[in-house]
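Below is one structure, written out as C-alpha cells; the observations come after it.
Keep in mind it's a predicted model, so treat the numbers as computed, not measured. In this chain, numbering begins with 1 at the start of the sequence shown.
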Amino acid sequence: MTTPTALVPDQTGAEIFAQVLTSGPVSRTVIAQRLGLSPSTVTRLLTPLIEGGYLSETGQQSATGLGRPQRLLRVNTEQHLVVGIQIARTHIAAVLTDLGARPLLRMERSLTSLEPAHVLSVAADLTARLIAEARTGDAKVLGIGVGVGGHVDAAAGVCRSAVRLGWTDVAVAAPLSEATGLPVVVNNDVNALVIAERWFGEGREVDSFAVISVGRGIGGGLMLHGVLHSGAGGLAVEFGHLPIEPNGPDCACGNRGCVEALASSDAVLRLFQEAGGRPDADYDAVAEFARSGTEIDRRAALHAFSVAGDALGRGLACLCNLLNPGLIVIAGEGVVAYEHFGPAMTAALERHAVSTAARDCVIKVDEASETLWARGAACLVIRESVRARLS
C-alpha cells in the first residue's frame with residue numbers, strides 16, 4: 001500500500017480520506033498500517049476532517065482480541081453534495097453525488113455548438129437543475145468538478161488545448177463559478193477517471209497504475225504512489241500523441257503518426273473503409289462486422305482493428321519501458337471492440353517492451369460508463385475540498 005510520509009499534509013490527508021471512503025468503516029490503526037503512517041499522524045490529520053463534517057465515528061467497536069477496542073471511522077456522505085460534469089464533443093453528462101461520490105441524479109444534454117460560452121451555459125443549467133430536483137435541504141453543495149478532454153491547466157482552471165472541441169486557452173472554472181456561485185475544479189477527463197478508478201474501480205488496491213482511454217480520442221492518466229501525476233504543466237501521459245509512426249497519417253494535434261491517428265475510433269473507420277469496408281458503417285457496426293460480417297467487411301474490420309491494436313501496443317510498450325507500471329486499465333467506449341484489437345495490442349506490447357516490463361504489467365479492461373466519467377469529475381471536487389480543509 002501507499003507510504004506517503006514524504007507527501008505534504010493535504011495530500012496525505014486526501015489518502016486517509018480515500019481509505020475511509022473505500023474501506024470504511026475502518027479504524028485509525030488500520031489506516032496507519034495501510035498507509036505506513038504513525039498513529040499520531042493519522043489522528044492529527046483526521047481531526048480537521050471530523051470537525052469539518054467530512055468524517056465521523058460510527059460508535060461501533062472493533063475488538064481484535066488484543067488491546068483496547070477501537071472506534072471506526074466513516075464518511076458523512078449525507079452532509080455534502082457534489083456536481084460532476086464531463087464535457088464531450090457531442091454532449092454534456094452531469095451527475096449529482098453525495099460525499100462518497102455515489103450518484104444521486106444524472107442528466108445529459110446534447111450540444112448544438114462547441115462555442116465555450118454555449119457549453120458552459122449548458123453546464124451551468126444542468127447544475128442548477130440537478131440541485132433543484134435533488135431538494136438538497138441542509139446538505140451543502142461543495143462545488144462542481146469538470147472533466148475535459150485535452151490539455152488542462154488545473155491550477156488556473158483553463159483548458160489550454162482541446163483539439164476535438166476546437167478550444168484554445170478557454171477559461172472554464174471562473175465563468176462557470178460566476179454563473180453558478182459554486183467553486184469549480186477542472187481537469188483532464190482521464191485524470192478524473194483515474195481518481196474514480198483509484199477510489200471505486202480497478203485501481204482500488206493499487207498505488208501506481210495508468211488508465212488509457214480508447215474512443216474518438218486516445219487519452220491517458222497516471223496514479224503514482226497514490227497521487228495523481230499531472231506533470232509540470234498538466235500534460236503528463238498524453239498517450240494519444242506519442243509519435244510512433246513517422247510516416248503515418250496526420251493527427252488532429254498537427255503531427256503525424258500519433259497513436260490517436262492510428263488507434264482512435266475514427267482511425268478504425270478510416271482503416272476499415274480503406275480496406276474496402278462499407279462507407280456508412282459506424283464503430284459499433286465495424287465491431288459487429290469483425291464478428292459476423294460479409295467476407296469483405298469482416299476482413300476489412302479485422303485489418304482495421306489489427307492496425308489499431310498494434311499501435312496501442314507499441315504505445316503501451318513505451319509506457320511500460322518508461323514507468324514499469326504493475327497495472328494499466330484500458331477504458332472508454334472503444335473497448336466494446338477489445339476482443340478484436342486486444343490480441344494485436346498485447347502482441348505488440350510484448351514485442352516492444354524490454355526485459356520483463358510487459359510481464360510485470362497486468363492489463364484490465366473497464367468500459368467506464370459516462371456516469372463513471374462524470375463521477376470521476378465529482379471526485380476532483382471531493383479531493384480538492386479535503387485537501388483545502390487540511391492545508
Side-chain angles (χ1 to χ4, degrees), residues 1-39 41-58 72-82 84 97-103 142-143 145 147 154 185 187 190-211 221-230 326-327 329 366 368 372-391:
M1 294 301 295
T2 306
T3 55
T5 52
L7 301 180
V8 295
D10 61 333
Q11 292 173 321
T12 309
E15 268 295 284
I16 290 173
F17 178 86
Q19 282 292 317
V20 179
L21 177 63
T22 59
S23 304
V26 63
S27 71
R28 289 170 171 80
T29 298
V30 170
I31 293 172
Q33 290 172 344
R34 289 182 176 178
L35 297 181
L37 299 170
S38 68
T41 297
V42 172
T43 297
R44 175 170 56 83
L45 293 174
L46 281 171
T47 299
L49 297 180
I50 294 172
E51 291 176 349
Y54 291 79
L55 302 176
S56 65
E57 293 178 314
T58 66
L72 304 180
L73 294 156
R74 62 178 286 272
V75 174
N76 278 338
T77 57
E78 65 280 358
Q79 289 198 15
H80 300 285
L81 299 172
V82 178
T97 81
D98 60 19
L99 192 60
R102 181 179 61 193
L142 290 177
V185 181
N187 210 319
V190 185
N191 283 343
L193 184 60
V194 168
I195 298 174
E197 291 286 359
R198 167 67 168 165
W199 288 6
F200 313 108
E202 299 291 351
R204 282 188 64 175
E205 302 298 327
V206 184
D207 297 322
S208 299
F209 65 93
V211 175
L222 182 64
M223 183 73 67
L224 284 179
H225 306 297
V227 178
L228 180 67
H229 180 70
S230 300
L327 170 67
V329 180
D366 184 351
L372 183 61
W373 287 83
R375 190 184 186 193
C379 291
L380 293 171
V381 176
I382 296 170
R383 184 188 66 148
E384 290 306 311
S385 182
V386 167
R387 292 176 63 175
R389 184 74 190 177
L390 292 160
S391 61

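In terms of heavy atoms, G203 sits closest to L327 at CA-CD2, 4.3 Å. Here the closest non-hydrogen pair linking L380 and A192 is CD1-CB, 3.9 Å. Closest non-hydrogen pair, L99 versus L21, comes out as O-CD1, 4.4 Å. The two residues R387 and A14 come nearest to each other via the heavy atoms CG-CB, 3.8 Å. Among all heavy-atom pairs drawn from A377 and G84, the shortest one is CB-CA, 4.0 Å. Closest of all the heavy-atom pairs between A101 and C379 is CB-SG, 3.9 Å.
The residues R198 and E15 are annotated as salt-bridged, a charged nitrogen and a carboxylate oxygen being separated by less than 4.0 angstrom.
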>> side chain to side chain contact (heavy atoms under 4.5 Å, CB included), that's the test. Do I16 and L37 meet it? Break it down for me.
In response: CA-CA 10 Å; I16 290 173; L37 299 170; 4.1 Å; yes
> How far apart are the C-alpha atoms of R34 and E205, what are their side-chain angles, what is the distance that settles it, and do they pass the salt bridge (Lys or Arg N to Asp or Glu O under 4.0 Å) test?
Replying inline: CA-CA 10 Å; R34 289 182 176 178; E205 302 298 327; 6.0 Å; no
>> Under the criterion side chain to side chain contact (heavy atoms under 4.5 Å, CB included), I'd like the reasoning laid out for R383 against V185: C-alpha separation, chi angles, the key distance, then a yes or no.
In response: CA-CA 10 Å; R383 184 188 66 148; V185 181; 5.9 Å; no
>> Please evaluate residues E78 and R102 with respect to the criterion salt bridge (Lys or Arg N to Asp or Glu O under 4.0 Å), reporting the C-alpha separation (whole Å), side-chain torsions for both, the decisive distance (0.1 Å), and the verdict.
In response: CA-CA 10 Å; E78 65 280 358; R102 181 179 61 193; over 6 Å; no
>> side chain to side chain contact (heavy atoms under 4.5 Å, CB included) for L222 and F209? Distances and angles first, verdict last.
In response: CA-CA 6 Å; L222 182 64; F209 65 93; over 6 Å; no
> After noting the C-alpha distance and the side-chain angles of I195 and I382, does the key distance pass the side chain to side chain contact (heavy atoms under 4.5 Å, CB included) rule?
Replying inline: CA-CA 10 Å; I195 298 174; I382 296 170; over 6 Å; no
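To the nearest 0.5 Å, atom CG of residue L228 and atom CG of residue N187 are 6.0 Å apart. Rounding to the nearest 0.5 Å gives a distance of 4.5 Å between CG of L72 and OG1 of T58. How far CG of D98 is from CD of Q79: 11.5 Å, rounded to the nearest 0.5 Å. From L73, atom CG reaches atom CD1 of I50 across 5.5 Å, with rounding to the nearest 0.5 Å. Rounded to the nearest 0.5 Å, atoms CG (D366) and CG (L193) are 7.0 Å apart. A distance of 11.0 Å separates CD of E51 from CG of L46, quoted to the nearest 0.5 Å.
A 4.5 Å side-chain heavy-atom check between L55 and R74 finds every atom pair outside the cut-off. Counting only heavy atoms from C-beta outward, the side chains of N191 and S230 approach each other to under 4.5 Å.
Distance alone, capped at 3.5 Å, places no donor-acceptor pair between the S385 side chain and the V381 backbone. Panel note: side chain T22, backbone W199; no donor-acceptor pair is recorded below 3.5 Å.
The cationic atom of R375 (NZ for Lys, CZ for Arg) lies less than 6.0 Å from the six-membered ring centre of F200 and within 45° of the ring axis.
Between Y54 and F17, the ring planes are perpendicular. Angles over 60° get that label, and only those under 30° would be called parallel.
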